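Written below as structure tokens is the structure these notes are about.
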Amino acid sequence: MITNEERSLNFIEEIIEEDLKEGKYEKIVTRFPPEPNGYLHIGHASSICLNFGLTQKYNGYTNLRFDDTNPTTEETEYVESIKDDIRWLGFTWKEELYTSDYFETLYGYAVKLIEKGLAYVDDISAEEMAELKGTPTEPGKDSPFRNRSVEENIDLFSRMRDGEFEDGRRTLRAKIDMAHINMLMRDPILYRIKHAHHHRTGNKWCIYPMYDFAHGQSDSIENITHSICTLEFVPHRELYDWLIEKLEIYPSKQYEFARRNVDFTVTSKRKLLQLVTEGFVEGWDDPRMPTISGLRRRGFTPASIRNFCDRIGIAKRDNLVEYSLLEFFIREDLNKSAWRRMAVLDPVKLVITNYPGGQDEMLEGENNPEVEGGEGSRQIPFSRELWVEREDFMENPPKKFFRLGPGLSVRLKHAYIVKCEDFVKDEAGNVTEIHCTYIPESKSGHDTSGIHVKGTIHWVSVPHAKTAEVRLYDRLFKVEDPGNEERDFKEYINTESLQVIPNAFIEADLANAEHGKGYQFIRKGYFTIDKDSTSGMLVFNRTVTLKDAWAKEIKKG
RNA sequence: UGCCCGAUAGUAUAAAGGUAGUACAUCUGAUUUUGGUUCAGAUUGUCUAGGUUCGAAUCCUGGUCGGGCAACCA
């Protein structure tokens, strides 16, 4: 697609090409390792595209591995949504795996470490442990239980597994160095006691491995060649390598990149969960959410998200990508594929005074002007009374206003040229009716009038109009980086991020609209059917507006 | 006052010692029965101070700034 950049590799591709050149691996194996404690978001999409994209490009495969080592936060609901989202994005994993599948193996690894004198059972409390840990500038101190015998450690560890002790009473720790410059190497906890129900292993286990004793080992078990994660795990790499070395298992290698952030939103699972549980949005798939399911419901396509991820690339520096880039890619995709339809969101009545009352006429409108042949066409009913957009009429229009106003002419899309002769206002001063005359010779496709007008507006025939609920979305937050502000991120929520139009008028053919397809409401934006639609009332979500040069013109003054 | 990672247009990302490029955004203009699309063009950048070199975004040294590290979370 981007021919100029075909030769430009990101730093991980460079590493892989080097590895391949040296014959280090025959096949590249990566994994996407979500913890099933939340829904996937746009940041995950970047990681998914990276991991799956790499093995597509370099001939290998990618496993889906659920990192389910903390039973208290993980649920099957999340597992299902994660699988749906990855499939929807268009990727196929080789195997569906769970860290919990390896619990027995991991237990064996722990025993091996104990036997080598590299792990011990500690009895001190969390508070004491924090106390002895030291600080980044001061070394820690050894726990009094650090030098237990191998036999005692084996015995204690097996009794931990057997459920003899209550939560938090004991831990298994690696025996490394309490004065290590890297805090993570100061005898990190390997196992903790948690009498909790696990979403897959049920009540079989009451001890669970920590991330550091699970992730690298799982990578190794699966012969992952390139284990890609985000920057906050850089300091973990030393421990990752240490454990693999001491356990003498397959040496997977960890590489870190900077998580992608998008402006005017948050992508921390904790914060997204708060938005859901505290009712700021309707759910994980609320169209304002940066989740994959939210974007899908909003009307984004898999290709638009993939292209976005490809474009922003990956690197190691902090970043905040502009939302307008995402908008560009969805517009690019939908412009080529979305069928055009007409809908009036904020209606005012237009009466064609010289068009016979009671007469109907069917006009033809192509489905998609971007494609040769228009992908066919649909019939559009036309009559004496039409709904047009309120903003398309001005009583005192400025110079470059190419729409309706006293004496001004416009083309009605797919129909005739009309000239505004008069208008009616109510006591409050609101325009209630626009009176026009039409030029019969100016019919679309058969125009012999010789008249040229600057503007074209959309419309819906009053007697033929159907109604629909239309939901317009704006950014969820009022500031660029809500997660990085002084006050709590929820104080920056945009309370006008959802505008509901209960009774928009849509052209008759839209009654046949299909779920999952994008439609362009001419001059208004791209829309898709929401799952809240019923047989009695269609509900449309606005995915994105069209670019609007006139709105900019007005802004400039 | 420790260790680690990073710093290229407004944003994101390239340039492997040799012309600082691409996309989005912004601005002009052309085309247009969507003020959309398309097309043409323009503006804007190497954190800083030294050093090495014929030549530095790139290598070296010091500084500045940003981020991370002291959960029985991942």
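This is a predicted model, so every value here is computed, not measured. We name chains A, B, ... by the order of the sequence lines, and we start the count at 1 in each one.
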What protein N or O atoms touch nucleotides 6-8 of chain B N or O atoms at under 3.5 angstrom, if any, and at what distances?
none

Look for any protein N or O under 3.5 Å of an N or O in nucleotides 70-74 of chain B and output each such pair with its distance, or none.
{"unit_1": "B/rC72", "atom_1": "N3", "unit_2": "A/Gly168", "atom_2": "O", "d": "3.4"}
{"unit_1": "B/rC72", "atom_1": "N4", "unit_2": "A/Ile124", "atom_2": "O", "d": "3.2"}
{"unit_1": "B/rC72", "atom_1": "N4", "unit_2": "A/Ala126", "atom_2": "N", "d": "3.4"}
{"unit_1": "B/rC72", "atom_1": "N4", "unit_2": "A/Gly168", "atom_2": "O", "d": "2.9"}
{"unit_1": "B/rC73", "atom_1": "OP2", "unit_2": "A/Arg192", "atom_2": "NE", "d": "3.1"}
{"unit_1": "B/rC73", "atom_1": "OP2", "unit_2": "A/Arg192", "atom_2": "NH2", "d": "2.9"}
{"unit_1": "B/rC73", "atom_1": "OP2", "unit_2": "A/Lys194", "atom_2": "NZ", "d": "3.3"}
{"unit_1": "B/rC73", "atom_1": "O3'", "unit_2": "A/Arg192", "atom_2": "NH2", "d": "3.2"}
{"unit_1": "B/rC73", "atom_1": "O2'", "unit_2": "A/Asn70", "atom_2": "ND2", "d": "3.2"}
{"unit_1": "B/rA74", "atom_1": "OP1", "unit_2": "A/Thr69", "atom_2": "OG1", "d": "2.6"}
{"unit_1": "B/rA74", "atom_1": "OP1", "unit_2": "A/Arg192", "atom_2": "NH1", "d": "3.4"}
{"unit_1": "B/rA74", "atom_1": "OP1", "unit_2": "A/Arg192", "atom_2": "NH2", "d": "2.9"}
{"unit_1": "B/rA74", "atom_1": "OP2", "unit_2": "A/Tyr211", "atom_2": "N", "d": "3.0"}
{"unit_1": "B/rA74", "atom_1": "O3'", "unit_2": "A/Asp67", "atom_2": "OD2", "d": "3.1"}
{"unit_1": "B/rA74", "atom_1": "N6", "unit_2": "A/His236", "atom_2": "NE2", "d": "3.2"}

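Residue A/Arg523 places its side chain closer to B/rG35 than to any other of B/rA14, B/rG35, B/rG2. Of the candidate nucleotides B/rG35, B/rU33, B/rA15, B/rU33 has the atom lying nearest to any side-chain atom of A/Arg411. Comparing B/rU13, B/rC27, B/rU33 against the side chain of A/Lys552 picks out B/rC27 as the nearest. For A/Arg260, counting side-chain heavy atoms from C-beta on, the closest listed nucleotide (B/rA25, B/rA12, B/rU33) is B/rA12. Minimum atom distance to the side chain of A/Glu322 is reached by B/rA25, of the listed B/rG35, B/rA14, B/rA25.
A/Gly445 comes within contact range of at least one nucleobase, with a heavy-atom separation under 4.0 Å. Within 4.0 Å (heavy atoms only), A/Arg186 reaches no atom of the nucleic acid at all. Across all strands shown, A/Leu320 has heavy atoms under 4.0 Å from sugar-phosphate atoms exclusively, and none from any base. Using a 4.0 Å heavy-atom distance criterion, A/Ile457 is classed as making no nucleic acid contact. Here A/His458 lies out of heavy-atom contact (under 4.0 Å) with every strand. Residue contacts shown for A/Phe401 include a base, since a base heavy atom lies under 4.0 Å away.
With a 4.5 Å cut-off on side-chain heavy atoms, A/Phe308 and A/Ile330 do not count as touching. Side-chain contact between A/Asn70 and A/Asn37 is absent, with no heavy-atom pair separated by less than 4.5 Å.
The pair A/Lys253-A/Asp19 does not count as a salt bridge, with every side-chain nitrogen at least 4.0 angstrom from each carboxylate oxygen.
Across B/rA30 and B/rC65, the matching P atoms stand 50 Å from one another, rounded to whole Å. Comparing the P positions of B/rG63 and B/rC5 gives an interatomic distance of 16 Å, to the nearest angstrom. Nucleotides B/rG21 and B/rA9 have their C1' atoms positioned 12 Å apart, rounded to a whole Å. When the P atom is compared between B/rU8 and B/rC47, the two are found 6 Å apart, to the nearest whole Å. B/rC24 and B/rG2 have their P atoms separated by 45 Å, with the value rounded to a whole Å. Taking the P atoms as reference points, B/rU61 lies 15 Å from B/rC3, given to the whole Å. On the P atoms, B/rG62 is 27 Å away from B/rU13, given to the nearest whole Å. B/rU58 sits 16 Å from B/rU19 when the C1' atoms are compared, rounded to a whole Å.
With sequence neighbours excluded, no residue satisfies salt bridge (charged side-chain N to carboxylate O under 4.0 Å, His left out) with A/Asp333. Residues meeting the ring pair (Phe, Tyr, Trp, His ring centres under 6.0 Å) test with A/His44, sequence neighbours left out: A/His41. Judged as a ring pair (Phe, Tyr, Trp, His ring centres under 6.0 Å), and not counting sequence neighbours, the contacts of A/Tyr191 are A/Phe157, A/Phe213. Under the salt bridge (charged side-chain N to carboxylate O under 4.0 Å, His left out) criterion, A/Asp318 pairs with no residue, sequence neighbours left out. Residues forming a ring pair (Phe, Tyr, Trp, His ring centres under 6.0 Å) with A/Tyr109 (at least two apart in sequence, or on another chain): none. A/Thr135 is linked by a side-chain contact (heavy atoms from CB on, under 4.5 Å) to A/Thr137, A/Glu138, counting only residues two or more places apart in sequence or in another chain. Judged as a salt bridge (charged side-chain N to carboxylate O under 4.0 Å, His left out), and not counting sequence neighbours, A/Arg260 has no contacts. Applying the ring pair (Phe, Tyr, Trp, His ring centres under 6.0 Å) test to A/His236 and every residue at least two apart in sequence or in another chain returns A/Tyr211, A/Phe233.
With pairs defined as Watson-Crick or G-U wobble and both atom distances under 3.5 Å, the stems of at least three pairs that touch RNA chain B come out as B:2-7 with B:64-69, B:10-13 with B:21-24, B:26-30 with B:38-42, B:47-51 with B:59-63.
As rounded to whole Å, 14 Å separates atom C1' of B/rG68 from atom CG of A/Asn261. Taking atom CZ of A/Phe308 as the reference point, atom P of B/rU13 lies 11 Å away to the nearest angstrom. Rounded to an integer number of Å, the gap from CG of A/Asn368 to P of B/rU34 is 14 Å. Rounded to an integer number of Å, the gap from CD1 of A/Ile451 to P of B/rU33 is 15 Å. Following rounding to the nearest Å, A/Leu334 (CG) and B/rU34 (P) show an atom-to-atom distance of 19 Å. Spacing between atom CG of A/Leu325 and atom P of B/rU26 amounts to 12 Å, rounded to whole angstrom units. Between the CD1 atom of A/Ile522 and the P atom of B/rU33 there is a distance of 14 Å, given to the nearest Å. For the pair A/Asp263 CG and B/rA25 C1', the computed distance is 11 Å after rounding to whole Å.
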Inset, instruction - Show your working on side chain to side chain donor-acceptor pair (under 3.5 Å) between A/Tyr323 and A/Glu480 and close with a plain yes or no. - result: CA-CA 10 Å; A/Tyr323 188 81; A/Glu480 230 182 24; over 6 Å; no
Inset, instruction - Evaluate the criterion side chain to side chain donor-acceptor pair (under 3.5 Å) for residue pair A/Arg259 and A/Asn319; output intermediate values, then yes/no. - result: CA-CA 8 Å; A/Arg259 168 176 56 225; A/Asn319 59 82; over 6 Å; no
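With A/Tyr519 as the aromatic partner, A/Arg341 does not meet the cation-pi criteria of under 6.0 angstrom to the ring centre and within 45 degrees of the ring axis. Remark: A/Arg148 fails to qualify as a cation-pi partner of A/Tyr120 under the 6.0 Å distance and 45° angle criteria applied to the six-membered ring. Both tests hold for A/Lys271 against A/Phe489: distance to the six-membered ring centre under 6.0 Å, angle to the ring axis within 45°.
Between A/Phe328 and A/Glu18, the residue anchored closer to the 5' end of RNA chain B is A/Glu18, taking for each the nucleotide with the nearest heavy atom.
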Inset, instruction - Give the B/S/- string for nucleotides 36-47 of chain B, one per nucleotide from 5' to 3', where a protein heavy atom under 4.0 Å of the base yields B, of only the sugar-phosphate yields S, and otherwise -. - result: BS----------
